[in-house]
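To keep things clear, I will list the structure first and then write my remarks on it.
This structure is a prediction, so every number in the text was calculated from the model and none was measured. First the proteins, then the strands, lettered A, B, ... as listed; each starts at 1.
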Number of protein chains: 2
Amino acid sequence: MSKSDKREEIVRAALELIAENGFHAAPMAMIADRAGVGAGTIYRYFENKDVLIGELYKDLEEKMLPVIQEGYDINAPLRERFLHLGTRILRYFIENPLHFRFIEQFHNSPYGVEHRRDKILGEKNGCNIFRELFEDGLSQQLLKAFPLTILFALSFGPIVNLARDHILGFVVMDETLIVAAIEACWDSISK
Amino acid sequence: MSKSDKREEIVRAALELIAENGFHAAPMAMIADRAGVGAGTIYRYFENKDVLIGELYKDLEEKMLPVIQEGYDINAPLRERFLHLGTRILRYFIENPLHFRFIEQFHNSPYGVEHRRDKILGEKNGCNIFRELFEDGLSQQLLKAFPLTILFALSFGPIVNLARDHILGFVVMDETLIVAAIEACWDSISK
DNA sequence: TATACAAGAATGAACGTTCATTCCGTTTTT
DNA sequence: AAAAACGGAATGAACGTTCATTCTTGTATA
């Protein structure tokens with residue numbers, strides 16, 4: 001196994017174990033086992049567990065953003081833009097259940113306390129798309145006059161819940177339902 | 001300190017520590033310390049940590065339900081009923097941040113896996129009020145024709161997010177905002 | 001009323017387990 | 001052959017739980 005393959009295997013193993021049963025079920029020895037490396041080897045690639053988890057989180061964030069933005073037309077009508085982003089995010093979570101489960105675990109763990117603010121897609125980096133979208137909507141008076149935080153809550157709250165319910169098998173979100181659900185979210189924020 | 005005082009102190013200490021910094025920051029020794037009892041004493045009141053946590057959760061559930069239902073008129077118009085329940089829940093969380101934070105931690109911990117399904121107010125016990133509300137709305141054709149799970153997600157998702165954002169200080173939910181936000185949720189589920 | 005005693009409650013040091021991390025002998029690469 | 005990478009046993013810290021001992025409280029006896 002090549003060097004970079006090994007790093008990848010370690011990250012993959014960590015993602016799987018944590019997503020499947022939470023941090024408490026992912027000790028370093030078990031991660032090493034599933035990655036097919038020795039326990040000590042992990043420490044040649046990551047300073048410690050915190051760093052491993054943190055980099056895993058960053059990896060996922062970096063994979064997610066471009067997928068969500070793909071095909072996004074900043075000049076389209078507001079509603080269309082919202083539906084585009086909303087359905088993309090929900091679809092991404094549904095198609096990448098491990099990513100979703102890990103991110104959720106992360107945000108509810110000691111590892112993720114500092115990241116608390118970026119609610120899965122915060123006002124970080126270049127990804128202020130949602131913020132811009134909402135600010136646009138507010139200035140055009142198309143959205144209800146809520147603080148940004150509330151608009152976020154009305155949009156992301158349902159999305160995260162729907163993704164979780166789908167992944168845990170409580171509902172099957174097909175393409176029709178995905179679109180309809182995000183349209184419903186739009187109804188909650190639009191005037 | 002009387003016997004029942006002691007039990008109460010233990011439960012209170014556990015609630016505080018877990019709500020403030022999560023399960024990882026609430027070892028039995030620390031709970032004992034904050035309760036002002038010896039570590040061994042806890043085991044005179046609770047078989048083990050799982051049981052302590054479980055009873056704490058049940059306690060909170062029992063305190064919350066009557067508060068939310070108070071003044072609920074099952075014969076009122078559907079919208080009014082929804083607003084009543086929605087605002088009550090959100091207000092309850094805002095006024096009892098420790099309860100909210102504990103319940104959230106619980107649902108995202110090994111302790112709470114089995115309770116997963118009752119999303120803070122599930123189809124348990126006598127508390128099917130929300131379910132009934134939604135079924136009523138569906139049969140009267142006042143609500144969008146979604147599966148119950150999705151109606152739950154559209155309602156609880158925002159509520160939980162708003163409570164969290166308020167408690168963490170990202171937004172200040174006054175009475176006006178509370179009502180407006182729940183009205184917005186109504187817009188997402190109503191036809 | 002004062003004293004002795006029993007029974008339950010409370011305690012916290014000690015134990016066994018689990019886990020992240022380190023260390024060192026072995027294997028692979030250069 | 002030197003250097004780097006590797007594996008997994010060893011280490012020590014943290015935790016939940018136990019248990020021998022101490023404290024408290026209520027009752028019986030003088």
Ile31(A) CD1 - dC6(D) P separation (whole Å):
17 Å
Is the shortest side-chain N to carboxylate O distance from Lys144(B) to Glu183(A) below 4.0 Å?
no
Integer-rounded Å distance: dC6(D) P and Ile42(A) CD1:
12 Å
Looking at Lys58(A) and Glu62(A), is any side-chain nitrogen of the basic one under 4.0 Å from a carboxylate oxygen of the acidic one?
no
Nearest-Å distance, CE (Met30(B)) to P (dC15(D))?
7 Å
Can you tell me if His84(A) uses its side chain to pair, donor with acceptor, with the backbone of Glu70(A) under 3.5 Å?
yes
Rounded to the Å, how far apart are Ile53(B) CD1 and dC15(D) P?
14 Å
In 5'-to-3' order, the base (B), backbone-only (S) or no-contact (-) status of each nucleotide in nucleotides 21-30 of chain C, using a 4.0 angstrom heavy-atom cut-off, is BB--------
What is the distance from CG of Asp33(A) to P of dC6(D), rounded to the nearest Å?
16 Å
Got a donor-acceptor contact below 3.5 angstrom from the Asn96(A) side chain to the His99(A) backbone?
no
Give the rounded distance in Å between these two atoms: CG of Leu52(A) and C1' of dC19(C).
15 Å
Nearest whole angstrom, please: distance from the C1' of dC6(D) to the CD1 of Ile10(A).
11 Å
Hey, does the side chain of Tyr45(B) come within less than 4.0 Å of dA9(C)'s phosphate (OP1/OP2), counting only N and O?
no
Between Glu95(B) and Arg88(B), is there a side-chain N and carboxylate O pair less than 4.0 Å apart?
no
For Ser190(B) and Trp186(B), indicate whether the former's side chain and the latter's backbone hold a donor-acceptor pair under 3.5 Å.
yes
Among the nucleotides dT11(C), dC6(D), dG16(D), whichever has the atom closest to the side chain of Thr41(A) is dC6(D)
Rounded to whole Å, how long is the line connecting atom CZ of Phe46(A) with atom P of dC6(D)?
12 Å
Does His166(B) use its side chain to pair, donor to acceptor, with the backbone of Leu162(B) at less than 3.5 Å?
no
Is the shortest side-chain N/O distance from Lys6(B) to OP1 or OP2 of dA10(C) below 4.0 Å?
yes
